[in-house]
Amino acid sequence: MNNSDLADHLSSATGSSKADAKKIVDTVFAAIADAAAKGEEISLNGFGKFKVKASPEREGRNPSTGATITIAASKKLSFTPAKAVKDKLNG
């Protein structure tokens, strides 16, 4: 499922236009991305939590040469599903 599919589903479920549904989907994802960029935790009841996790700088190897390289520190967005979602996935 992609953004368009999600907007189509939202449109048919609510009776709104596809254009309005697409704006809503895009706005929700933009709000999640903005909150994550600020380092905030996003908690969606019944769905799960998005958290920003810091990955420290570390050493790695270049696979083609075997040379040691430094991998820069970065931030990652992780998702932890809610119990209801886990239960739905596992039957």
Side-chain angles (χ1 to χ4, degrees):
M1 179 176 270
N2 59 29
N3 289 11
S4 295
D5 296 338
L6 191 58
D8 289 344
H9 182 74
L10 182 63
S11 172
S12 64
T14 61
S16 62
S17 71
K18 288 185 181 182
D20 288 343
K22 183 162 177 22
K23 285 180 191 175
I24 292 168
V25 169
D26 292 342
T27 303
V28 168
F29 288 131
I32 291 171
D34 290 344
K38 294 177 188 173
E40 297 175 9
E41 180 179 294
I42 301 97
S43 179
L44 304 172
N45 291 338
F47 186 68
K49 290 182 183 180
F50 292 94
K51 292 182 186 178
V52 177
K53 292 186 178 181
S55 181
E57 185 177 274
R58 61 190 169 92
E59 276 191 5
R61 297 225 176 251
N62 182 332
S64 61
T65 64
T68 300
I69 58 171
T70 301
I71 300 170
S74 64
K75 293 179 182 177
K76 297 179 172 133
L77 187 62
S78 67
F79 176 73
T80 304
K83 184 180 182 321
V85 174
K86 286 183 192 176
D87 291 345
K88 201 173 246 194
L89 289 173
N90 295 313

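Of all heavy-atom pairs spanning Ala7 and Ala21, the tightest one is O-CB, 3.3 Å. When all heavy atoms of Val52 and Glu40 are compared, the pair lying nearest together is CG2-O, 4.3 Å. Listed here is the closest heavy atom pair of Ile42 and Ala35: CG1-CB, 3.8 Å. The two residues Ser78 and Lys53 come nearest to each other via the heavy atoms OG-CE, 3.3 Å. The two residues Asn3 and Val25 make their nearest non-hydrogen contact at O-CG1, 4.2 Å.
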Worked check of side chain to side chain contact (heavy atoms under 4.5 Å, CB included) between Asp26 and Lys22: CA-CA 6 Å; Asp26 292 342; Lys22 183 162 177 22; 3.3 Å; yes
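With Ser11 contributing its side chain and Ser16 its backbone, the two residues share a donor-acceptor pair below 3.5 Å.
Rounding to the nearest 0.5 angstrom, the gap separating the CD1 atom in Ile32 from the CG atom in Leu77 is 9.0 Å. Rounding to the nearest 0.5 angstrom, the gap separating the CG atom in Asp20 from the OG1 atom in Thr14 is 8.5 Å. Atom OG1 in Thr80 sits 7.5 Å away from atom NZ in Lys86 (nearest 0.5 Å).
Applying the side-chain contact (heavy atoms from CB on, under 4.5 Å) rule to Ser43 yields the partners Asn45, Lys49; only residues at least two apart in sequence or on another chain are considered. Annotation: side-chain contact (heavy atoms from CB on, under 4.5 Å) contacts of Glu59 (sequence neighbours excluded): Thr68.
Judged as a ring pair (Phe, Tyr, Trp, His ring centres under 6.0 Å), the pairs with a partner in residues 55-91 (not counting sequence neighbours) are, in order, Phe47-Phe79, Phe50-Phe79.
Put simply, the side chain of Asp5 does not reach to within 4.5 Å of the side chain of His9, judged on heavy atoms.
Here Asp34 does not pair with Lys38 in a salt bridge; the nearest charged N to carboxylate O distance is not below 4.0 Å.
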